[in-house]
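Being a predicted model, the structure only gives us computed values, none of them experimental. Ligands are counted one by one from 1 in listed order, and the atoms in each one are counted from 1 as well.
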Amino acid sequence: MVPFIFLIFALFAFTELHTNTKNDPVERIHRNILTLDTHVDTPMGMVRGFDVGIRNDEGLGGGQLDFPRMKEGGLDAAFFAVFVRQRERNPETYTEAYENMINTFSVIHREVAKYNEMAGIALNPNDAYQLKEEGMVAVFIGLENGFSLEYKIERVQEVYDLGARYIGLSHTSNNQISDSSTDGGGSEHNGLSDFGKQVVKEMNRIGMLIDVSHISDEAFWDVLEISEHPVVATHSNARAICDHPRNLTDEMVIALAERGGVVQITFLPSYVKTIEQKPEVLAARRAVREKYNNFRNLDDETMAEGWAAWQRINEEYPVKLPTVSDFVDHIDHIVELVGIDYVGIGSDFDGGGILEDCRDVSEMKNITRELLARGYSEEDIEKIWSGNFFRVFNEVIATSSN
Ligand SMILES: [Zn+2]
C-alpha cells in the first residue's frame with residue numbers, strides 16, 4: 001500500500017508542475033500567438049516514405065519535423081518546401097524536374113489528407129489561424145527552385161493552383177531564371193535572366209511571395225527593382241554577423257525593409273556562425289564533397305548515398321554546432337538595423353538546419369525562451385514568429401488578381 005503521505009506529496013508535485021507549466025511565460029506565449037516556420041525540407045523525406053503523422057526520433061535518423069513534434073514544440077504552421085533538385089539543363093532533366101515536383105506536391109496533399117485530424121493545408125494566414133483554433137497544425141507549401149518551371153510562364157499559375165504560395169527563384173546553382181549566390185561558375189545572367197524578370201512580374205500578378213533566399217546579390221537587386229510587392233527571404237541570415245554569400249548584407253536588409261519585406265532567419269550552421277572544426281573533420285568532409293561532385297548534378301540514388309556519407313562523418317566526429325543564442329544574434333542585428341517589423345524564422349529543418357539546443361521542432365520553444373530573456377515583449381515575439389511574414393503575405397494577397 002502506498003503511504004498516504006506519499007500520495008499527498010505526489011498530488012502536490014503534480015499540481016505544482018501543472019501550475020508551473022500554466023504560468024510559464026513561454027507556454028503562455030505559444031498558446032496565445034501563432035508560430036510559423038517559413039522553410040522546412042521535410043517533403044524530401046516524405047517522398048521517400050518518411051511518415052509525418054507519427055512521432056519520429058531525430059536521434060535515430062528520424063528527421064527533424066513531424067506533426068506530433070510540431071505540437072510538442074509549439075509550432076503551429078510551417079511552409080513545406082517542394083524542393084526541386086537541379087542537374088544540367090536539357091529537355092530530359094527539365095521534364096524529370098517537373099515530374100518530381102508534381103510528385104512532391106501530391107505526396108504533401110496526400111499525407112496531410114491522411115492525417116486530417118492533426119493537420120490541414122493553409123493557403124493564406126486566415127487558414128492557419130483557423131486550424132490553430134481547431135487544435136491542428138497548418139501546412140503551407142512553397143516551391144524551392146524555379147528550375148521546374150522550365151521556360152513555361154504558365155507554370156507559375158500551375159504551382160499556385162497546387163497550393164504553393166512562394167517560389168524560391170534558384171537553389172545552389174544558376175538556373176534559367178536567376179543566378180545563384182553559391183554557383184562555383186559565377187554569374188551567368190548578371191542577376192535575373194529575361195525569363196526571370198517575366199517570372200517576377202507573373203508572380204506579382206498572381207499574388208505569390210517572391211523568395212530571394214539562394215539568389216545572387218545582383219539577382220536580389222533586380223528583384224527589388226522589378227517587383228511591385230514587398231519580397232521575402234524565407235531562410236537567410238545577416239552577412240554582418242556571419243560572412244557567407246547566402247546571407248544578406250546590411251544594405252540588402254535595409255532595402256528589403258524599406259519596401260516592406262521580411263528576412264526569415266535560418267538555423268543552417270554555416271550561415272549562423274563560423275565555427276572552427278578539427279582538421280580531420282574538414283578533410284573527411286572535403287573528401288565526400290569531392291567524391292560527390294559538391295552534391296551537384298547527381299541522380300537521386302547517388303545523392304542519397306552522398307548524403308549518407310555526410311551523415312556518417314557527423315556521427316563519427318560530433319561537430320560543434322551554433323546555439324539558439326548565436327541564432328538570436330542575427331535577429332538582434334536585423335532589429336537594431338531596421339526595427340522589429342522585418343524579421344522572422346525559417347529553420348530549414350530536414351535541409352541542414354540544426355542548432356545545438358534546437359535540434360528538432362520539438363525544441364522550438366527554446367527560441368521563444370531566448371527572445372524573452374533578451375527582453376523582447378510578447379508583442380515583439382508575435383511579430384517575429386508570424387506577424388511580420390503574414391503582413392507581407394496579406395499585402396501580396398490583397399493586390400493579386402486571383
Ligand atoms: Zn534552401
TODO: List in chain and number order the residues that pass ring-ring contact (aromatic ring centres under 6.0 Å, His included) with Phe349, two or more places apart in sequence or in another chain; answer none if no residue qualifies.
DONE: Phe267

Open item on the list: Checking ring-ring contact (aromatic ring centres under 6.0 Å, His included) between Tyr271 and each of His214, His330, His244, which is the one that passes?
Closed with: His244

- [ ] Report the C-alpha separation of Asp24 and Arg369 in whole Å, then their side-chain angles, then the decisive distance to 0.1 Å, and conclude whether the salt bridge (Lys or Arg N to Asp or Glu O under 4.0 Å) test is met.
- [x] CA-CA 10 Å; Asp24 180 355; Arg369 206 173 300 283; 3.7 Å; yes

TODO: Return the set of protein N, O or S atoms whose distance to the Zn ion (ligand 1) is under 2.8 Å, each given as residue and atom.
DONE: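 Per the 2.8 Å query on the Zn ion (ligand 1), atoms found are Glu144 OE2, His214 NE2, His235 NE2.
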
Open item on the list: I'd like to check Phe389 versus Ile345 (side-chain heavy atoms, cut-off strictly below 4.5 Å). Are they in contact?
Closed with: no

TODO: May I ask you to test the Val26-Ile29 pair for a side-chain heavy-atom distance under 4.5 Å?
DONE: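 Contact flag for Val26/Ile29 side chains = no.
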
Open item on the list: Looking only at the side chains, is there a donor atom on one of Tyr98 and Asn103 sitting less than 3.5 Å from an acceptor on the other?
Closed with: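 Result is no, nothing qualifies.
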
